[in-house]
Visitor: 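Handing you a structure now.
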Amino acid sequence: MNSQTFRRATVAVTAAVLLPLGLTACSAEASGDGAAAPAAAPSQSTPATATADGPFGPGCASVPAEGAGSFDGMAKDPVATAASNNPELSTLVAAVKQAGLVDTLNNAENITVFAPTDAAFAKIPKADLGKVLADKAMLTDILTYHVVGEKLTPKQLENGSFETLQKSTLTTKGSGESVTVNDSAKVVCGNVPTANATVYIIDTVLMPE
C-alpha cells in the first residue's frame with residue numbers, strides 16, 4: 001500500500017515540473033498519507049487547476065523544465081534577472097542593460113512586463129534596430145512602454161486598456177491561449193511569474209504612439 005502511494009506521489013511531483021505554479025498544490029497532495037487521496041486520483045485533477053492559473057501559450061513549451069530559466073527558477077528572481085536566464089529573451093535583456101533599466105525593473109514592485117522574444121526583435125530591420133539601441137532616450141521610451149505598473153491577470157487582458165510606465169496606453173484583448181496586445185503582438189507564453197512581476201512573452205515589439 002505504501003509503495004503504491006509513493007509511486008502516485010512521484011507522478012504528481014513530475015507533473016508539477018511542467019506546471020510550476022501547481023507545484024505547491026501537488027506537493028501538498030503528495031505529502032498526504034490518507035488512503036482516500038490515492039483512490040481519488042488527484043494526479044488528474046491537479047494539473048487542470050494549475051494550467052488554469054499558471055503559464056499558458058504555445059511558446060511555453062520551449063521553457064526549460066528545470067534550472068534558473070524554468071518557470072520555477074524565474075519565479076525566484078526579480079524580472080530582469082529572470083529574463084536573463086531565458087534564452088528566448090536575450091535581445092530584450094541586452095536592450096534593458098543598454099538603457100540602464102536593470103535595477104529599475106528589478107526593484108519595481110508588482111509590475112507586468114510584455115517581453116518581446118528574440119524573434120520579435122528580428123522583425124525589425126537591422127539598421128533601424130541599431131539606431132534604436134544607439135539612442136538611449138528612444139530605447140528607454142520603447143522598453144518602458146512594455147511595462148505596466150500592476151500585475152495583470154489573464155482575465156484582465158480579455159478587454160483591457162492600461163497605462164504603461166512610458167505614460168502611453170496599450171490595449172489587450174482575447175482569452176484562453178489567444179491574447180493580443182495592441183492588435184499586433186500575440187502572447188506566446190503568458191502569466192509567467194517572477195519575484196516582482198508577471199511576464200507575458202510576445203512575438204512583436206510594441207511601439208508607443
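Treat the numbers as computed from the prediction; the structure is a model and nothing was measured.
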Visitor: Quick one: CE on Met74 to CG on Asn85, what's the gap to the nearest 0.5 Å?
Guide: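 The distance works out to 8.0 Å.
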Visitor: Rounded to the nearest 0.5 Å, how far does OG1 of Thr172 lie from CG of Leu157?
Guide: 4.5 Å
Visitor: Which is it for Ser90 and Phe121 under the side chain to side chain contact (heavy atoms under 4.5 Å, CB included) test, yes or no, and what are the steps along the way?
Guide: CA-CA 10 Å; Ser90 61; Phe121 280 99; over 6 Å; no
Visitor: Check whether any side-chain heavy atom of Val179 sits under 4.5 Å from a side-chain heavy atom of Phe56, and report yes or no.
Guide: yes
Visitor: Could you see if Val199 belongs to whatever hydrophobic cluster contains Val93? Use Ile, Leu, Val, Met, Phe, Trp, Tyr and a side-chain cutoff under 4.5 Å.
Guide: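 Hydrophobic grouping puts Val199 apart from Val93.
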Visitor: Would you say Val63 ends up clustered with Leu92 if hydrophobic residues are merged whenever their side chains have heavy atoms under 4.5 Å apart, either directly or through other cluster members?
Guide: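 Shared cluster, yes.
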Visitor: Can you name the closest pair of heavy atoms from Leu170 and Val148 and give their distance?
Guide: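 Reported closest heavy-atom pair: CD2-CG2, 4.4 Å.
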Visitor: If you compare all heavy atoms of Ile202 against all heavy atoms of Val181, which two are closest, and at what distance to 0.1 Å?
Guide: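 Where Ile202 meets Val181 most closely, the heavy atoms are CG2-CG2, 4.3 Å.
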Visitor: Just verifying a value: how many Å separate Asn86 CG and Thr81 OG1, rounded to the nearest 0.5 Å?
Guide: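 Rounded to the nearest 0.5 Å, the CG-OG1 separation comes out at 13.0 Å.
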Visitor: What are the two closest non-hydrogen atoms of Pro208 and Leu206, and how far apart are they?
Guide: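 In terms of heavy atoms, the two residues are closest at CD-O, 4.0 Å.
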Visitor: Checking the side chain of Thr112 only, and the main-chain atoms of Leu152 only, is there a donor and an acceptor separated by less than 3.5 Å?
Guide: yes
Visitor: Closer than 3.5 angstrom, by distance alone: can the side chain of Asn182 be matched with the main-chain N or O of Ser184 as a donor-acceptor pair?
Guide: no
Visitor: Side chain to side chain contact (heavy atoms under 4.5 Å, CB included), that's the test. Do Asn191 and Thr153 meet it? Break it down for me.
Guide: CA-CA 7 Å; Asn191 204 30; Thr153 66; 5.7 Å; no
Visitor: Begin from the C-alpha positions of Thr180 and Lys173 and carry the test side chain to side chain contact (heavy atoms under 4.5 Å, CB included) through to its verdict.
Guide: CA-CA 6 Å; Thr180 58; Lys173 66 180 181 180; 3.5 Å; yes
Visitor: Which atom pair, heavy atoms only, marks the closest approach of Lys151 to Gln156?
Guide: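 The pair with the smallest heavy-atom distance is O-OE1, 3.5 Å.
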Visitor: Counting N and O atoms only, with roles assigned by atom type, does the side chain of Thr144 sit under 3.5 Å from a partner on the main chain of Asp141, one being a donor and the other an acceptor?
Guide: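 Answer holds: yes.
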Visitor: Quick one: are Ser168 and Glu209 in side-chain contact, heavy atoms under 4.5 Å?
Guide: no
Visitor: Roughly how far apart are Leu165 CG and Ile111 CD1, rounded to 0.5 Å?
Guide: 6.5 Å
Visitor: Check whether any side-chain heavy atom of Pro55 lies under 4.5 Å from a side-chain heavy atom of Pro193, and answer yes or no.
Guide: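 They are in side-chain contact.
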Visitor: Can you find a heavy atom in the side chain of Phe114 that is under 4.5 Å from one in the side chain of Thr164?
Guide: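 A side-chain contact under 4.5 Å is absent here.
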Visitor: Any side-chain heavy atom of Leu139 sitting closer than 4.5 Å to one from Gln98?
Guide: yes
Visitor: Please name the residue in the list Thr194, Thr198, Val147 that meets the side-chain contact (heavy atoms from CB on, under 4.5 Å) test with Val79.
Guide: Thr194
Visitor: If every non-hydrogen atom of Glu88 is compared with every non-hydrogen atom of Ser62, which pair is closest and at what distance?
Guide: CG-OG, 4.0 Å
Visitor: Check for a donor-acceptor pair, side chain of Asn196 on one end and backbone N or O of Ala108 on the other, with a separation under 3.5 Å.
Guide: yes
Visitor: Taking side-chain contact (heavy atoms from CB on, under 4.5 Å) as the definition, give me every residue that meets it alongside Asp135, ordered by chain and number, with sequence neighbours left out.
Guide: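 In terms of side-chain contact (heavy atoms from CB on, under 4.5 Å), with neighbours along the sequence ignored, Asp135 is linked to Ala137, Met138.
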Visitor: Could you give the distance from OG (Ser178) to CD (Glu158), rounded to the nearest 0.5 Å?
Guide: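 With rounding to 0.5 Å, OG (Ser178) is 11.0 Å from CD (Glu158).
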Visitor: Keeping Tyr145 on the side-chain end and Lys167 on the backbone end, is there a donor-acceptor pair under 3.5 Å?
Guide: no
Visitor: Looking only at heavy atoms, which two atoms of Asn106 and Pro78 are closest? And how far apart?
Guide: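 Closest heavy-atom pair between Asn106 and Pro78: OD1-CB, 3.3 Å.
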Visitor: Please test Met207 against Ile142 for side chain to side chain contact (heavy atoms under 4.5 Å, CB included), starting from the C-alpha separation and ending with a verdict.
Guide: CA-CA 6 Å; Met207 294 294 180; Ile142 293 173; 3.8 Å; yes
Visitor: Can you measure from OG1 (Thr117) to CD1 (Ile201) and round to the nearest 0.5 angstrom?
Guide: 8.0 Å
Visitor: Just by modelled atom types, is the Asp203 backbone N or O under 3.5 Å from a matching donor or acceptor in the Lys123 side chain?
Guide: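 Here the side-chain-to-backbone pair exists.
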Visitor: Where the side chain of Asp118 meets the backbone of Thr91, is there a donor-acceptor pair that is under 3.5 Å apart?
Guide: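 Checked: pair present.
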